[in-house]
Amino acid sequence: MSDIKDPLSSIFDRAMKNQVIFKNKNALRSEYIPNELHFRDDQITRIGQILSPILNRDKPSNLLIYGKTGTGKTVVTRYVLNRLIERTKKTAMDVKVGYVNTRVASTEYRVLTELAHSIGIILPFTGLSISEAFHRITEHIKATQTKAIFALDEIDFLVKLSGDNLLYELTRANESMPQTSFITLIGISNDLKFKDNLDARVLSSLNEEETVFSPYTVDELKAILLERVNIAFNTDVVTEAAINLCAGMAGSEHGDARRAVDLLRVAGELAEREGAGEVRDEHVRQAAQSIERDRIFEGIQSLPIHGKLTLLAVSRGREPENTGHIYARYIALAKQLGLEPLTQRRISGLLSELDLLGLISAPVISQGRMGRSKKISLAIQTDVLKAALTEDETLKPLF
DNA sequence: CCTCCACTGGAAACCTAGGCTC
DNA sequence: GAGCCTAGGTTTCCAGTGGAGG
């Protein structure tokens, strides 16, 4: 659509959309990979060096990458992999690169499905055993003499949820492969401590090489933002105050470039919506609120029905309450909808999950003779909650 | 120091949807 | 199409627990 050659139509399009603020908003999306990555030369060089043996048909070492969110781990990894693939295109080698975010593909099976997809085979989304899925992947790699690099992003989630079985199998798979094919693993993690949950054999194999990404400083964030501003916005639309604030807010957390860019994008959208000619610092402040609100809103919407009911049961109470009270109210709500209520054990589990999501606060406290229970209170604004819950048709009768 | 409350949270059994094989 | 298998969610069962009140 966008590469229509007719110059007039693109001029008209732009005029119709009244693009005073944005020039190319794609540069602010999280998947965007810039042509040049600043302040990450060391890491790029290092990862490049580690992976380069593949150009000589040798197996590169496995690699673990650490760093907080928004420090460029993902973008640098994808950048190096892209460049590597570009280079191998000129050769006859069958190099395949797979990238999976294991927080998104949250089970072992889904991870395998995506890895399979990256080497060109399709697995059904259910029905196969893990070992069968694994077998198909390794057989395909052997048969086609593929040299595969699999990047597992947010690998700590996979380990936390499903243990290190899959990693163990993946690291071991090379033992049964001929010289011509292999799997190299890149593990990317926010959490330095996740190593503790790994089997020693898995760790030693996965940790052949290690790279750490340190947080960006506020000045570095500012430079990154300035460059994105030039690509994404029209000239002189973004005030310096706005950029400084974005960099400052993101820097005060932990040098999170993704957050800085998100703030900038949403601030731009807000400015555009209110018809302002420029993006000012107040838009950035509004953006911070709006992002938080959206995060909560989506968190609630993606909850299963009983999770929503539990949340509603929490919100319908005053003061902090214990699990028993919440459960009683939950049962009443479920009955009103004609749903079979889940057990208290399950609701206790759901409450823990809601706590983890930051939607409620549910620390376990002991009240002596009054027993030991969770002390549950809502951690979000009721209007956001209500807005998100009323979107769900099945909950309509409760409002 | 002991009791005893009101759960917590681990473990295992059970259920369901859906693909596979024959 | 029957019978088998698995992942993921739920139920069942139950030992364990922190601390106010005795």
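In what follows, chains are A, B, ... by sequence order, proteins preceding strands, each numbered from 1.
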Protein-nucleotide distance ([X], atom [atom1]; [N], atom [atom2]), rounded to Å:
{"X": "L350(A)", "N": "dG9(B)", "atom1": "CG", "atom2": "P", "result": "14 Å"}
{"X": "L342(A)", "N": "dG9(C)", "atom1": "CG", "atom2": "C1'", "result": "10 Å"}
{"X": "Q344(A)", "N": "dC7(B)", "atom1": "CD", "atom2": "C1'", "result": "7 Å"}
{"X": "N322(A)", "N": "dT17(C)", "atom1": "CG", "atom2": "C1'", "result": "16 Å"}
{"X": "Y109(A)", "N": "dG9(C)", "atom1": "OH", "atom2": "C1'", "result": "18 Å"}
{"X": "F134(A)", "N": "dT6(C)", "atom1": "CZ", "atom2": "P", "result": "17 Å"}
{"X": "L351(A)", "N": "dG9(B)", "atom1": "CG", "atom2": "C1'", "result": "13 Å"}
{"X": "L166(A)", "N": "dA7(C)", "atom1": "CG", "atom2": "P", "result": "12 Å"}

Side chain to side chain, D392(A) and Q301(A), heavy atoms closer than 4.5 Å: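 Counting from C-beta outward, D392(A) and Q301(A) never come under 4.5 Å.
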Can you see if the side chain of [X] gets near the phosphate of [N] - specifically, an N or O under 4.0 Å from OP1 or OP2?
{"X": "K374(A)", "N": "dC7(B)", "value": "no"}
{"X": "S366(A)", "N": "dC7(B)", "value": "no"}
{"X": "S348(A)", "N": "dT8(B)", "value": "yes"}
{"X": "R372(A)", "N": "dA6(B)", "value": "no"}

Quick one: do [X] and [Y] make a salt bridge, cutoff under 4.0 Å?
{"X": "E220(A)", "Y": "K222(A)", "value": "no"}
{"X": "E86(A)", "Y": "K89(A)", "value": "no"}
{"X": "D42(A)", "Y": "R40(A)", "value": "no"}

Pairwise 5' ranking along DNA chain B for Q367(A) and V364(A), keeping only the more 5' one: Q367(A)
5'-most by nearest nucleotide on DNA chain B - S373(A) or R136(A):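 Counting from the 5' end, the first nearest nucleotide belongs to S373(A).
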Under 4.0 Å protein heavy-atom contacts per nucleotide of nucleotides 10-17 of chain B, with B for base, S for backbone only and - for none: B-------
S352(A) side-chain proximity, nearest of dG9(B), dC20(B), dT3(B):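 That would be dG9(B).
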From dT11(C), dC4(B), dT8(B), nucleotide with atom closest to T343(A) side chain: dT11(C)
Heavy atoms of other groups near E139(A) CD, more than 12 under 6.0 Å: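 Yes, enclosed.
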NZ (K142(A)) with more than 12 external heavy atoms under 6.0 Å: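 Yes, NZ of K142(A) has more than 12 neighbouring heavy atoms, counting only those of other groups under 6.0 Å.
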Evaluation steps, ring-ring contact (aromatic ring centres under 6.0 Å, His included), between F233(A) and F22(A): CA-CA 4 Å; F233(A) 290 89; F22(A) 291 111; 4.9 Å; yes
First encountered from the 5' end of DNA chain C, between P341(A) and G371(A):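 Taking each residue's closest nucleotide, the earlier one in sequence belongs to P341(A).
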